[in-house]
Amino acid sequence: MKLTTLFNSALIIASIAFIPGIAGAQTANTNNSGGQINADVNSNALRKNSTEDSYLQPFNTAFLAYQGYLKEQGIPSGGALISAYQIGSLTAKDVVQAAIRANKLPAKVLNDSSYLNALESQLTSFSNTNDLSE
């Protein structure tokens, strides 16, 4: 019971600390090939010097869904998200489609099996974490 309380407290603190930056994010580097990134100091925007794509990390997409930032696109938040995923009425592809409609991801992410698999892993980890509290 104490471990669950500790974990939930850490999750709440992380949510408070990170959600403003994640929710406002338009892009994040998902390619670990070492491409050079230049930061625009005036607008805090990230630009890459190559033709490689950059967008939200799968963890950030799952976290946005969990925190309710995709509710307008039909994705439940919190425990309802976990329950819908566990019973199979919600998939990683559904979350990606909602993030696309919310202009958080480009449409081509739907065809990126590694991104979908990583998002699936994040949703599964939310489910596993939820099992600890029972």
Reported OG-to-CZ distance for the pair Ser121 and Phe59, which is rounded to 0.5 angstrom: 13.0 Å
Partners meeting side-chain hydrogen bond (donor to acceptor under 3.5 Å, both in side chains) with Glu120 (sequence neighbours left out): Tyr85
Ring geometry between Tyr66 and Phe126 (parallel below 30°, tilted from 30 to 60°, perpendicular above 60°): tilted
Qualifying residues under side-chain contact (heavy atoms from CB on, under 4.5 Å), relative to Ala80, sequence neighbours excluded: Pro76
Contact summary for Gln73 and Arg101, nearest pair of heavy atoms: O-NH2, 2.7 Å
Pairing residues for Ser114 by the side-chain contact (heavy atoms from CB on, under 4.5 Å) criterion, not counting sequence neighbours: Asp112
Shortest non-hydrogen separation from Ile75 to Ala65 and the atoms involved: CG2-CB, 4.0 Å
Which atom pairs, one a donor and one an acceptor, fall under 3.5 Å between side chains of residues 93-100 and the rest of the protein, sequence neighbours left out?
{"from": "Asp94", "atom 1": "OD2", "to": "Thr91", "atom 2": "N", "distance (Å)": "2.8"}
{"from": "Asp94", "atom 1": "OD2", "to": "Thr91", "atom 2": "OG1", "distance (Å)": "3.2"}

Whether Ser77 side chain and Gln67 backbone form a donor-acceptor pair below 3.5 Å: no
Residue pair Thr61 / Tyr115, side-chain heavy-atom distance below 4.5 Å: yes
Nearest-0.5 Å distance, CD of residue Gln57 to CG of residue Asn60: 6.5 Å
Residues which pass side-chain hydrogen bond (donor to acceptor under 3.5 Å, both in side chains) with Ser113, listed by chain and number, not counting sequence neighbours: none
Centroid-centroid under 6.0 Å between Phe63 and Tyr69 rings: no
Residue pair Leu64 / Leu56, side-chain heavy-atom distance below 4.5 Å: yes
From CG (Leu110) to CG (Leu116), nearest 0.5 Å: 6.5 Å
Minimum heavy-atom distance between Leu119 and Pro58, given as atom pair plus value: CD1-O, 3.5 Å
